[in-house]
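The structure appears right after this line, and notes come after that.
In this text, all values refer to a predicted model and were calculated from it rather than measured experimentally. Naming: A, B, ... by sequence-line order, numbering from 1 per chain.
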Protein chains: 2
Amino acid sequence: MKLSKTSEHAIRVLVYMAQNPEEQFSVNTLHETLNIPFKYLGRLMPSLAEAGFIVATHGKNGGYRLLSNYEFVTIASIIDVVDGMDSYSECILGFENCGDGKPCPLHNHWGPHRDAIKKLWETVTLKDLAKRGFKI
Amino acid sequence: MKLSKTSEHAIRVLVYMAQNPEEQFSVNTLHETLNIPFKYLGRLMPSLAEAGFIVATHGKNGGYRLLSNYEFVTIASIIDVVDGMDSYSECILGFENCGDGKPCPLHNHWGPHRDAIKKLWETVTLKDLAKRGFKI
DNA sequence: CATAAATACTACCTCCTTGTAGTATTTATA
DNA sequence: TATAAATACTACAAGGAGGTAGTATTTATG
């Protein structure tokens with residue numbers, strides 16, 4: 001029922017960056033602004049770059065900048081990179097082949113909620129979340 | 001987005017027992033029927049007994065039996081014992097004081113789903129789930 | 001009373017997540 | 001060209017979840 005800490009961090013960083021999508025941010029700035037451990041963030045950012053959300057500039061005055069497709073980056077695509085989206089398709093009781101044909105006791109109760117949340121994450125984009133006035 | 005393995009086990013055990021609520025089950029029987037590790041189950045059951053879901057009979061021919069209030073035992077009360085229900089009230093991004101007044105970027109999207117699932121777990125009882133034909 | 005079969009307890013092991021530390025590499029600039 | 005400031009890489013440490021193992025305790029029964 002929770003995101004991993006790493007997913008929380010990733011979403012917060014990217015939403016924060018999306019509030020000033022043209023700006024370049026150093027890891028140190030993000031660390032100080034968002035209260036995310038510096039070294040941990042320094043390991044997360046390259047994976048977000050590899051995933052195609054951001055791009056790094058090396059050397060002095062370097063940092064990270066959002067890619068221009070950020071308007072279409074969904075929460076699901078972020079979770080997918082960090083945690084994986086598997087749990088949003090799987091049985092809540094862990095049965096491999098639970099489904100409409102052979103449901104577990106919770107299947108009919110849980111399925112609609114799980115699907116609704118999955119669809120939510122697949123629909124909401126960084127742009128949707130980048131409005132000011134939110135706690136980041 | 002997942003229950004812990006231990007919660008999965010606890011729910012499966014209790015739903016299975018609720019299908020024959022008068023019967024007494026040994027840990028070994030439950031282990032073999034439900035494919036839950038014997039020793040792990042042997043540690044889980046006393047905690048379910050302490051929580052008031054089941055009662056143990058010691059010695060030869062002993063085992064566990066559901067208590068008579070099982071009809072009113074909710075999924076939430078089981079999760080509460082094993083995992084805790086805290087995450088069903090907390091902010092999805094981990095903000096301590098996220099709320100309607102000072103929402104995080106996901107608060108308005110996530111809150112309704114989180115609340116709906118919490119209500120579901122607080123509503124569904126072992127009796128509701130004990131119907132036959134389910135995969136246990 | 002001895003034995004068998006059951007729960008109860010305690011210690012340990014492994015893996016994953018989170019976080020920390022140090023060092024290498026890259027690049028702007030005085 | 002030397003320095004400073006940034007990312008990149010790699011190893012390690014702490015803690016919790018899941019699982020294993022062994023032993024103690026309880027009790028029915030021959």
Side-chain angles (χ1 to χ4, degrees), chain A residues 1-13 17 23-67 78-79 81-84 86-87 90 93-94, chain B residues 1-14 17 23-67 78-79 81-84 86-87 93-94:
Chain A
M1 201 53 190
K2 302 172 65 169
L3 299 175
S4 70
K5 269 289 170 203
T6 308
S7 274
E8 288 180 13
H9 293 336
I11 292 169
R12 288 177 60 206
V13 165
M17 292 176 75
E23 197 170 327
Q24 180 177 264
F25 301 90
S26 72
V27 173
N28 195 47
T29 299
L30 296 169
H31 151 65
E32 287 176 349
T33 307
L34 302 175
N35 275 302
I36 299 172
F38 176 72
K39 286 294 191 178
Y40 198 69
L41 194 51
R43 207 174 31 179
L44 173 60
M45 298 301 282
S47 70
L48 297 181
E50 191 190 7
F53 301 132
I54 54 181
V55 63
T57 301
H58 285 206
K60 188 170 178 177
N61 302 330
Y64 290 95
R65 200 187 307 254
L66 274 185
L67 286 174
I78 301 170
I79 294 174
V81 165
V82 182
D83 291 340
D86 289 350
S87 65
E90 289 171 354
L93 289 183
Chain B
M1 202 54 189
K2 300 174 65 171
L3 299 175
S4 70
K5 270 289 170 203
T6 309
S7 273
E8 288 181 12
H9 293 337
I11 292 170
R12 288 177 59 205
V13 165
L14 293 173
M17 292 176 75
E23 197 171 326
Q24 180 178 265
F25 302 89
S26 72
V27 173
N28 195 47
T29 299
L30 296 170
H31 151 65
E32 288 175 348
T33 307
L34 302 176
N35 275 302
I36 299 171
F38 176 72
K39 287 292 191 178
Y40 199 69
L41 194 50
R43 208 174 32 177
L44 172 60
M45 298 302 281
S47 70
L48 297 181
E50 190 190 8
F53 301 131
I54 54 180
V55 62
T57 302
H58 284 207
K60 189 171 178 176
N61 303 329
Y64 290 94
R65 200 186 308 255
L66 274 185
L67 286 174
I78 301 170
I79 294 174
V81 165
V82 181
D83 291 339
D86 289 350
S87 65
L93 288 183

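Between A/M45 and B/Y40, the residue whose closest nucleotide on DNA chain D is further toward the 5' end is A/M45. Mapping A/P37 and A/N61 onto DNA chain C by nearest heavy atom places A/P37 at the nucleotide closer to the 5' end.
Residue A/Q24 contributes atom CD, which lies 13 Å from atom P of C/dT27 at whole-angstrom precision. Remark: P of D/dT20 and CG of B/L44 are 14 Å apart, rounded to the nearest angstrom. One interatomic measurement links the two molecules: NZ of A/K60 to P of C/dA24, which rounds to 21 Å at whole-angstrom precision. Atom OH in A/Y64 sits roughly 18 Å away from atom P in D/dA5 (whole-Å rounding). Atom pair A/N28:CG and D/dA8:C1' shows a separation of 16 Å (rounding to whole Å applied). C/dA8 atom C1' lies 11 Å from atom CZ of B/F38, rounded to whole Å. Distance A/L41 CG to C/dT17 C1': 16 Å, rounded to the nearest Å. Counting to the nearest Å, the C1' atom of C/dA5 and the CD atom of B/E32 are 14 Å from each other.
Considering every non-hydrogen atom in both A/V82 and A/A10, the closest pair reads CG2-CB, 4.1 Å. Here the closest heavy-atom approach between residue A/Q24 and residue A/N61 is recorded as NE2-O, 2.9 Å.
Residues from residues 1-11 of chain B that place a heavy atom under 4.0 Å from any atom of DNA chain D, listed by number: B/S4, B/K5, B/T6, B/H9.
Considering CE of A/M17 and CD1 of A/I54, their distance stands at 5.5 Å, rounded to 0.5 Å. The distance from the CG atom of B/L48 to the CG atom of B/L14 is 5.5 Å, given to the nearest 0.5 Å.
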Would B/V81 and B/F53 count as a side chain to side chain contact (heavy atoms under 4.5 Å, CB included) if you check the C-alpha gap in whole Å, the side-chain angles of each, and the deciding distance to 0.1 Å?
-> CA-CA 10 Å; B/V81 165; B/F53 301 131; 3.8 Å; yes
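Paired with B/L41 under the rule side chain to side chain contact (heavy atoms under 4.5 Å, CB included), one option of B/L34, B/N28, B/V13 passes, and it is B/V13.
Two residues are said to be in side-chain contact when any heavy atoms from C-beta on lie closer than 4.5 Å; B/L30 and B/M45 meet this criterion.
Side-chain atoms of B/E8 never come within 3.5 Å of backbone atoms of B/K2 as a donor-acceptor pair (strictly under, hydrogens ignored).
Across all strands, A/G59 comes closer than 4.0 Å to base atoms (heavy-atom distances).
Distances shown here put a side-chain N or O of A/H58 below 4.0 Å from the OP1 or OP2 atom of D/dA8.
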Check the interface with nucleotides 21-23 of chain D: list each N/O to N/O pair with the protein under 3.5 Å, or write none.
residue: D/dG22; atom: N7; partner: B/K39; partner atom: NZ; Å: 3.0
residue: D/dG22; atom: O6; partner: B/K39; partner atom: NZ; Å: 2.8

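The environment of CD in A/E50 is sparse: at most 12 heavy-atom neighbours from other residues, nucleotides or ligands sit within 6.0 Å.
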